[in-house]
Structures are given as C-alpha cells and as structure tokens.
Peer 1: 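Here's a structure for you.
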Amino acid sequence: QVQLVESGGGLVQPGGSLRLSCAASGTIFSIKTMGWYRQAPGKQREFVASITSGGSTNYADSLKGRFTISRDNAKNRWYLQMNSLKPEDTAVYYCNTVAWVPKGEYEYWGQGTQVTVSS
C-alpha cells in the first residue's frame with residue numbers, strides 16, 4: 001500500500017508564497033509521475049502541475065510562471081512552490097502519483113492540504 005502525505009498548506013496573504021510537500025511511502029518500485037491537483041469550494045478538481053521521474057514538467061496554463069514543481073526521486077518526495085498567490089488560488093491541494101508497486105502500476109492520491117489566500 002502506498003501512502004501520500006501532503007504538508008505545507010496554510011493561510012497566506014495575497015502576494016505571498018507557500019511551498020507544499022508530498023511524501024510517498026510504502027513498497028514502491030518506481031514512480032512514473034508526480035503531480036499536484038486542487039479543488040476549490042464548489043468546483044471540480046483541476047490539474048495544477050506534474051513532473052516525471054526524468055524531470056519533464058507540465059503546468060496548467062493559468063499557473064505558469066507562478067507555480068513551480070520539483071522532485072527528489074531518491075526520497076520519493078515532490079514539491080510545489082507557489083508564488084504571488086491570489087485569493088482564487090484558495091483550494092484544497094492534493095498530491096498525486098502514478099507508481100509501480102508489486103501488483104502493477106497504480107495511481108494514488110494524498111488526503112489534501114488546505115491553502116487559503118486571504119488578507
């Protein structure tokens with residue numbers, strides 16, 4: 001069983017920054033992709049960013065330039081640096097991974113961490 005645990009959420013003023021972390025644990029042979037999604041109140045979950053084990057990144061168009069995803073393959077950790085935060089960035093942020101485990105390739109989700117951008 002793979003577990004993902006997010007950390008780093010909280011309350012920040014508009015224009016501020018936060019860094020989210022996701023740690024994967026369990027019997028993992030390899031991680032194919034690491035990603036972040038978010039869900040604002042009353043809205044569907046949306047893609048934020050992803051990174052492959054090889055370092056290729058992908059971002060939601062609206063977030064390019066403000067958010068940066070990075071990873072530490074050796075530690076099975078990945079991060080989301082969020083700068084110039086806006087009230088509309090308020091959401092629960094979920095980390096996501098596609099990983100090879102003993103039974104095959106599966107997708108996993110964290111429990112989410114709240115990010116609130118407000119003055």
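These figures come from a predicted structure and were not determined experimentally. For the numbers below, each heavy atom of this structure counts, side chains included, while hydrogens, waters and symmetry mates do not.
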Peer 1: How about Phe29 and Pro102: do any of their side-chain heavy atoms sit closer than 4.5 Å?
Peer 2: yes
Peer 1: For a side-chain contact (heavy atoms from CB on, under 4.5 Å) check, start with the C-alpha distance between Ile28 and Val2, then their side-chain angles and the critical distance, and finish with the verdict.
Peer 2: CA-CA 7 Å; Ile28 300 170; Val2 173; 3.8 Å; yes
Peer 1: Would you give the length of the straight line joining atom CD1 of Ile31 to atom OG1 of Thr52, rounded to the nearest 0.5 angstrom?
Peer 2: 11.5 Å
Peer 1: Sort and list the pairs that fulfil ring pair (Phe, Tyr, Trp, His ring centres under 6.0 Å) and have at least one residue in residues 44-65, not counting sequence neighbours.
Peer 2: Tyr37-Phe47
Peer 1: Report, as yes or no, whether the 6.0 Å neighbourhood of atom CD on Gln3 holds more than 12 heavy atoms from other residues, nucleotides or ligands.
Peer 2: no
Peer 1: Donor-acceptor pair, Gln13 side chain versus Ser119 backbone, under 3.5 Å?
Peer 2: no
Peer 1: With sequence neighbours left out, which residue pairs that include part of residues 40-65 fulfil the salt bridge (charged side-chain N to carboxylate O under 4.0 Å, His left out) condition?
Peer 2: Arg38-Glu46, Asp61-Lys64
Peer 1: What's the spacing between Asp72 CG and Arg77 CZ if we round to 0.5 Å?
Peer 2: 8.5 Å
Peer 1: For residues Pro14 and Ser118, report the shortest heavy-atom separation together with the two atoms involved.
Peer 2: CD-C, 3.6 Å
Peer 1: To the nearest 0.5 Å, how far apart are CD in Gln114 and OG1 in Thr90?
Peer 2: 7.0 Å
Peer 1: Show the nearest heavy-atom pair for residues Leu18 and Leu85, with the distance to one decimal.
Peer 2: N-CD1, 3.8 Å
Peer 1: Distance alone, cut at 3.5 Å: any donor-acceptor contact between the side chains of Gln44 and Gln39?
Peer 2: no
Peer 1: Examine Val98 and Val48 and state if one hydrophobic cluster contains both, with Ile, Leu, Val, Met, Phe, Trp and Tyr joined whenever side-chain heavy atoms are less than 4.5 Å apart.
Peer 2: no
Peer 1: Nearest 0.5 angstrom please: Ser21 OG to Lys75 NZ, how far?
Peer 2: 10.5 Å
Peer 1: Check whether any side-chain heavy atom of Thr113 sits under 4.5 Å from a side-chain heavy atom of Val92, and report yes or no.
Peer 2: no
Peer 1: Run the side-chain contact (heavy atoms from CB on, under 4.5 Å) test on Met82 and Tyr93 for me, step by step, so that the C-alpha distance in whole Å, both residues' side-chain angles and the decisive distance to 0.1 Å come before the verdict.
Peer 2: CA-CA 11 Å; Met82 305 185 292; Tyr93 284 72; 3.8 Å; yes
Peer 1: For a side-chain contact (heavy atoms from CB on, under 4.5 Å) check, start with the C-alpha distance between Glu107 and Asn96, then their side-chain angles and the critical distance, and finish with the verdict.
Peer 2: CA-CA 7 Å; Glu107 183 177 36; Asn96 164 277; 2.9 Å; yes
Peer 1: Nearest 0.5 Å, what's the CG-OG distance between Leu80 and Ser50?
Peer 2: 11.0 Å
Peer 1: Examine Tyr79 and Tyr94 and state if one hydrophobic cluster contains both, with Ile, Leu, Val, Met, Phe, Trp and Tyr joined whenever side-chain heavy atoms are less than 4.5 Å apart.
Peer 2: no
Peer 1: Can you tell me how far the SG atom of Cys22 sits from the CH2 atom of Trp78, to the nearest 0.5 Å?
Peer 2: 4.0 Å
Peer 1: Below 4.5 Å, heavy atoms only, C-beta onward: do Met34 and Asn73 meet side chain to side chain?
Peer 2: yes
Peer 1: Please report the C-alpha distance between Trp36 and Ile69 in whole Å, then the side-chain angles of each, then the deciding distance to 0.1 Å, and finally whether the side-chain contact (heavy atoms from CB on, under 4.5 Å) criterion is met.
Peer 2: CA-CA 8 Å; Trp36 291 95; Ile69 190 170; 3.6 Å; yes
Peer 1: Where the side chain of Arg71 meets the backbone of Ser53, is there a donor-acceptor pair that is under 3.5 Å apart?
Peer 2: yes
Peer 1: Between Asn83 and Ser17, does a side chain to side chain donor-acceptor pair (under 3.5 Å) hold up when you go through it step by step?
Peer 2: CA-CA 4 Å; Asn83 299 327; Ser17 297; 2.9 Å; yes
Peer 1: Please check if atom CD in Glu88 has more than 12 non-hydrogen atoms from other residues, nucleotides or ligands closer than 6.0 Å.
Peer 2: yes
